Number of protein chains: 2
Amino acid sequence: MNVMTGGKLKLVQAALKLATETRSLTSLKLRELAREAGLNPNTFYRHFENLDDLGLQVLGYIAAEMKAGVRQLRLVAESSEQAANTTVAFVYQYFLENKAATTVAVRELYGSSPLLRRALETQLDASAREMAEDLMQRGLIPRHLTEQTVVEISHMTIRYILFRAMDYIEKPHQREAIQQETERFINRQFRGATLDQLSNEEFDALVAAVRQPA
Amino acid sequence: MNVMTGGKLKLVQAALKLATETRSLTSLKLRELAREAGLNPNTFYRHFENLDDLGLQVLGYIAAEMKAGVRQLRLVAESSEQAANTTVAFVYQYFLENKAATTVAVRELYGSSPLLRRALETQLDASAREMAEDLMQRGLIPRHLTEQTVVEISHMTIRYILFRAMDYIEKPHQREAIQQETERFINRQFRGATLDQLSNEEFDALVAAVRQPA
DNA sequence: TCGGCACGTAGACAACTGTATACACCCAGA
DNA sequence: TCTGGGTGTATACAGTTGTCTACGTGCCGA
């Protein structure tokens with residue numbers, strides 16, 4: 001990834017700011033952008049072909065940022081003895097520190113540009129596979145789950161956290177609650193999945209046994 | 001809710017169409033709208049104060065539609081003897097039949113207009129409480145769960161389904177898979193929640209016992 | 001039959017949009 | 001030292017935007 005300098009960087013940062021605060025990435029206006037960046041409108045054409053091109057490059061910029069972030073998270077997680085709860089905290093902290101990128105990702109994942117949507121989906125799917133691999137290698141989840149199941153849950157979890165991160169960012173007084181909720185979410189998914197093959201009757205019996213130990 | 005007629009209805013329908021296909025509700029343009037509706041641009045001002053006003057009214061229109069839809073779903077569910085899986089099918093079918101409203105809701109829930117976001121959040125929270133009440137009254141979920149837990153899971157589920165509905169709408173060949181995934185999601189949440197109070201060790205022991213019955 | 005009113009249209013305005021062409025600067029390599 | 005390319009600017013143009021004022025309908029109650 002090229003290191004951006006001068007005007008181009010200013011334009012990308014302006015795009016992130018506007019896309020976060022007042023618009024979406026796909027509804028940016030060229031002159032608004034230039035105004036925000038403090039540049040002449042035509043400077044835009046020195047760096048981008050058109051607004052679509054800008055959108056894609058910004059997304060690339062975000063994707064690179066996120067990839068680096070994920071790599072760092074994995075390192076932190078490896079060095080930590082603790083389990084899922086601190087990881088969840090780290091993840092939310094990361095989103096909090098990358099508010100603009102997070103907001104853009106959430107808005108465009110189901111936004112009006114098919115191109116950006118595909119790119120984001122691919123990115124999230126890759127993250128889900130990585131997460132699943134991590135979880136299984138480190139033995140952080142109940143055994144006996146198939147890889148497919150772990151991937152499926154990872155997929156759900158990543159999307160859940162991504163959207164929940166928007167609330168986490170914008171509602172500071174709810175952050176602790178959101179974090180705990182997320183931990184419950186993950187635990188319930190994995191524990192529930194461990195018992196997937198039980199029928200309702202078998203499950204009820206199991207619960208009854210647990211609640212009234214002999 | 002007033003029944004809309006003539007030009008106003010045309011404008012709202014045009015807004016839904018454009019918001020679904022090419023834009024978001026908050027980035028609509030007045031003249032584009034009039035063009036799509038086949039009306040003179042100024043006709044807009046006969047019915048709406050400005051574009052924000054239109055957005056709010058469209059949201060109201062959608063909310064009313066959804067409320068009616070939910071009411072109907074509850075009736076269908078009551079008359080049905082079957083459990084969650086058919087309900088999930090009905091819910092997705094409903095979203096499929098209300099593609100425009102669904103798309104708008106998804107896009108604006110984390111969109112750039114705080115006003116619309118609040119309105120949508122309120123609506124979803126109300127739906128979650130209704131869903132929780134329904135589930136508990138009809139005894140469709142494991143007993144011994146607190147109301148708070150059921151509401152929390154309902155809240156998560158509604159958002160999960162709402163976003164997943166976008167994929168359901170747009171990827172016809174994945175519909176069955178999405179539906180089954182959703183059922184697993186819900187089952188795991190409730191089953192997992194039933195075992196919330198177990199420690200990891202207790203849970204592992206339980207799983208071991210289930211997998212190797214004496 | 002008349003008067004008002006809801007609805008839609010016509011034309012105009014200044015502001016803003018994306019884009020093209022032409023010009024000015026700085027810095028590396030010959 | 002000259003030169004060429006990368007970068008930013010100035011000016012211009014046609015098309016589009018939101019909004020204003022004024023005008024023409026058709027309908028409904030008095």
Side-chain angles (χ1 to χ4, degrees), chain A residues 1-61 104 107-108 111-116, chain B residues 1-61 104 107-108 111-116:
Chain A
M1 186 62 48
N2 299 332
V3 175
M4 294 188 192
T5 59
K8 183 163 187 176
L9 183 61
K10 276 187 192 168
L11 283 169
V12 169
Q13 287 171 338
L16 280 176
K17 181 166 186 218
L18 287 178
T20 307
E21 292 174 4
T22 51
R23 319 197 139 269
S24 76
L25 194 54
T26 31
S27 68
L28 286 175
K29 299 180 193 177
L30 190 151
R31 295 179 107 105
E32 207 176 2
L33 208 59
R35 225 177 294 131
E36 177 69 36
L39 294 172
N40 185 285
N42 285 309
T43 305
F44 180 87
Y45 289 103
R46 294 285 165 211
H47 306 288
F48 308 100
E49 278 207 10
N50 48 44
L51 287 166
D52 285 349
D53 182 31
L54 169 82
L56 274 177
Q57 290 205 38
V58 168
L59 209 65
Y61 178 82
V104 168
R107 296 222 174 117
E108 301 306 332
S112 50
S113 160
L115 199 64
L116 295 191
Chain B
M1 187 59 51
N2 300 332
V3 175
M4 293 187 190
T5 59
K8 184 163 186 177
L9 184 61
K10 276 188 193 168
L11 283 168
V12 168
Q13 287 172 339
L16 280 175
K17 179 164 187 223
L18 287 177
T20 307
E21 293 174 3
T22 52
R23 319 196 140 270
S24 75
L25 193 54
T26 33
S27 68
L28 286 177
K29 299 181 193 177
L30 190 151
R31 295 179 107 104
E32 207 177 2
L33 207 57
R35 226 177 292 132
E36 176 70 36
L39 293 173
N40 185 285
N42 285 309
T43 304
F44 180 86
Y45 289 104
R46 293 285 164 211
H47 307 287
F48 308 99
E49 278 207 10
N50 48 44
L51 288 166
D52 285 348
D53 182 31
L54 169 82
L56 274 177
Q57 289 205 39
V58 168
L59 209 65
Y61 178 83
V104 168
R107 296 223 174 115
E108 300 307 331
S112 50
S113 160
L115 199 64
L116 294 191

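Residue numbers start from 1 in every chain, and the chains themselves are labelled A, B, ... in the order their sequence lines are given, proteins ahead of strands. All values reported here derive from a predicted model rather than from experimental measurement.
A cation-pi geometry, defined here as NZ or CZ lying under 6.0 Å from the six-membered ring centre and within 45° of its normal, does not hold between B:Lys8 and B:Phe44.
Among pairs with a residue in residues 11-23 of chain B, those fulfilling side-chain hydrogen bond (donor to acceptor under 3.5 Å, both in side chains) read B:Lys17-B:Glu36, B:Arg23-B:Glu32, at least two apart in sequence or across chains.
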Open item on the list: Return a single string for nucleotides 16-23 of chain C, one symbol per nucleotide in 5' to 3' order, where B is base contact, S is sugar-phosphate-only contact and - is none, cutoff 4.0 angstrom on heavy atoms.
Closed with: -BBBB-B-

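If you take CZ of B:Phe48 and P of C:dC7, they are 11 Å apart, rounded to a whole angstrom. Rounded to an integer number of Å, the gap from CG of B:Asp53 to P of D:dG18 is 15 Å. In this structure, B:Asn40 atom CG and C:dG11 atom P are separated by 10 Å, rounded to whole Å.
With values rounded to the nearest 0.5 angstrom, A:Leu18 atom CG is found 11.0 Å from A:Ser24 atom OG. The distance from the NZ atom of B:Lys10 to the OG1 atom of B:Thr43 is 9.5 Å, given to the nearest 0.5 Å. Note: A:Leu115 CG to A:Glu108 CD = 11.0 Å, rounded to the nearest 0.5 Å.
B:Ser112 is linked by a side chain to side chain contact (heavy atoms under 4.5 Å, CB included) to A:Arg107, B:Thr26, counting only residues two or more places apart in sequence or in another chain. In this view, B:Ala15 and B:Leu28, B:Leu33, B:Leu54, B:Val58 satisfy the side chain to side chain contact (heavy atoms under 4.5 Å, CB included) rule, not counting sequence neighbours. Listed by chain and number, the residues in a side chain to side chain contact (heavy atoms under 4.5 Å, CB included) with B:Asp52 are B:Asn50 (sequence neighbours excluded).
Near DNA chain C, meaning a heavy atom under 4.0 Å from it, residues 14-24 of chain B has no residue at all.
B:His47 has no side-chain polar atom (N or O) that falls below the 4.0 Å cut-off from OP1 or OP2 of C:dA6.
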